[in-house]
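In what follows, a structure is listed as C-alpha cells, so that the remarks can point back to it.
It should be emphasised that the depicted structure is a prediction, and the values quoted were computed from it without experimental measurement.
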Amino acid sequence: MTDRWLVALDIDGTTVREDDSLSARVADAVRAVVDAGHLVVLATGRSQSTTVGLAERVGIHPEWMVVANGALVLRAEGDRYVQEHVEVFDAAPALQRIVQGLPEARFLVEDATGFRRYTRGMDDWNLEHAEEVEFDGLTVEPAMRVVVMSPDHDVEDFLEIVEGMGLHKVSYAIGFSSWLDIAPDGVNKATGLQRIVDATGIPRDRVLVVGDGRNDIDMLEWAAAGGGRAVAMGQAPAEVAAAANERTASVEDDGLADVLEPLAAAGSVTA
C-alpha cells in the first residue's frame, strides 16, 4: 500500500512521441497509475481541446489538468471540465517587440475561451475554433497564450534573438524547434500545479513530475524544491535535465513507462 501521489505529465515529448504517436506501453502505464488511485494531471502547453483529446486517447479522464502552460487550470465536473482558474494578459507589447526582431514570424493567440486567432502560415497547428487575422487582429481580446514560430531560424539562432529581446512582464519558454510560448507574467506549469496541491492537500513531497522541454523547467524545479520527484526525459536539453533530480529513458524508448510502472506496481493507495 502506498500514499497517493500527484503525477504531473507533460504531453509532447513525454507522453507522446514527436510524431504524436502514443506507445501502448506508456498508455497502459498511465492507466495503471490512475487505477492505483494516484492523481494523474496532464500539464502541457496545449489547449484544452487537444489536451482532452489526448486524455481520451490514453483512456483516462483526469480530475485536473493544467493547460496553456499554466494559464488555465481545469477541474473535472462529471463528463465536462470547468475553468478552476484562468490567467490572461495584454499581449500587444510583447508581440510588437517580437515582430520587430522577427518580422517574418508567424503568430497564434489563444484567449480565455480557447478561441484562437492566427496569422498566415500556422498550418501545422490545431486551427479548430480559430480564425486567420492580420497581425493587428491578434490582440482584440486579452491573451491566455501566445505562440510565435520562426521556421527560417535554427534553434540556437532563435534562442539568441529571443533572449536579446528583453521581454518583460511575460513568462516565456522556447521549444525544441524555433517556436516560442508566451504566458502571463509569473505563470507556468508550476503555478498551475501549486493550485492543485492547495486544492487537494497532497503534500509537495508526494509530487512526481515528468517533462522534456524548456517549458517544463519551472515545474521540475518546483517539484524538486518541495522534496518530490522531478524526472527529465532522456532526450531533454541539458538545461532541462539540470532542473530535475532524476532522469529516465527517451520518449522513443518509453521512458515515461519506466517511471510509472513501479509506482503502479506498488499497489493501490491508502484510503
Side-chain angles (χ1 to χ4, degrees), residues 5-18 40-47 51 64-73 87 89 94 98 144-150 153-197 204-251 255-256 259:
W5 283 73
L6 188 159
V7 181
L9 308 178
D10 170 53
I11 293 180
D12 297 287
T14 300
T15 307
V16 300
R17 303 184 184 105
E18 186 176 345
V40 170
V41 176
L42 297 177
T44 178
R46 290 190 180 199
S47 65
T51 305
W64 296 83
M65 295 193 297
V66 174
V67 305
N69 287 314
L72 178 59
V73 178
E87 298 264 6
F89 70 113
I98 291 166
M144 181 172 66
R145 178 196 182 201
V146 173
V147 176
V148 183
M149 288 188 64
S150 186
H153 292 89
D154 64 30
V155 174
E156 293 307 315
D157 287 344
F158 187 71
L159 278 167
E160 183 176 351
I161 292 169
V162 172
E163 293 290 351
M165 285 180 181
L167 296 176
H168 300 296
K169 296 187 177 179
V170 295
S171 298
Y172 66 92
I174 299 165
F176 288 108
S177 57
S178 298
W179 60 273
L180 170 70
D181 258 331
I182 302 175
D185 186 31
V187 173
N188 53 60
K189 293 182 182 183
T191 62
L193 290 171
Q194 182 63 56
R195 292 183 181 279
I196 298 173
V197 164
R204 288 272 300 279
D205 61 2
R206 288 208 301 275
V207 169
L208 164 63
V209 306
V210 191
D212 74 311
R214 293 179 180 88
N215 64 338
D216 296 315
I217 289 175
D218 291 299
M219 77 169 181
L220 290 165
E221 292 178 338
W222 171 81
R229 298 177 59 189
V231 185
M233 298 295 291
Q235 80 281 359
E239 60 265 45
V240 178
N245 55 21
E246 297 182 38
R247 194 153 194 185
T248 187
S250 73
V251 66
L256 180 58
V259 175

Fill in: Partners meeting salt bridge (Lys or Arg N to Asp or Glu O under 4.0 Å) with E246 (sequence neighbours left out)
R229
Taking all non-hydrogen atoms of both residues, which atom of [X] and which atom of [Y] are closest, and how far apart?
| X | Y | answer |
| --- | --- | --- |
| A224 | A243 | CB-O, 4.3 Å |
| A241 | A236 | N-CB, 4.5 Å |
| W179 | M149 | CB-CG, 3.8 Å |
| L180 | F158 | CB-CZ, 3.8 Å |
| G186 | S171 | N-OG, 2.8 Å |
| V66 | G70 | CG1-CA, 3.6 Å |

Worksheet entry | Distance (rounded to the nearest 0.5 Å) between Q235 CD and R17 CZ | 11.5 Å
Worksheet item: Could you state the interatomic distance from CZ (R46) to CG (D12), rounded to the nearest 0.5 Å?
Response: 4.0 Å
Practice prompt. Using the salt bridge (charged side-chain N to carboxylate O under 4.0 Å, His left out) rule, collect all pairs that involve residues 153-163, keeping only residues at least two apart or in two chains.
Written response: none
Applying side chain to side chain contact (heavy atoms under 4.5 Å, CB included), can you list everything that pairs with [X], at least two apart in sequence or on another chain?
| X | answer |
| --- | --- |
| R195 | V73, H85, E87 |
| A225 | R204 |
| A190 | N188, D218, M219, W222 |
| V210 | L9, T14, L208, V231, M233, L256, V259 |

Min side-chain heavy-atom separation [X]-[Y] under 4.5 Å:
| X | Y | answer |
| --- | --- | --- |
| T15 | T44 | no |
| D185 | V170 | no |
| L6 | R206 | no |
| V41 | I196 | yes |
| L193 | W64 | no |

Check whether [X] reaches the backbone of [Y] with its side chain - one donor and one acceptor, N or O, closer than 3.5 Å.
| X | Y | value |
| --- | --- | --- |
| R214 | E239 | no |
| S250 | G234 | no |
| R145 | A183 | no |
| T51 | S47 | yes |
| D212 | V251 | no |

Worksheet item: Is D10 salt-bridged to K189, going by a charged N under 4.0 Å from an acidic O?
Response: yes
Discussion item. Applying side chain to side chain donor-acceptor pair (under 3.5 Å) to D181 and N215, what does each step give before you reach the verdict?
Written reply: CA-CA 8 Å; D181 258 331; N215 64 338; 4.5 Å; no
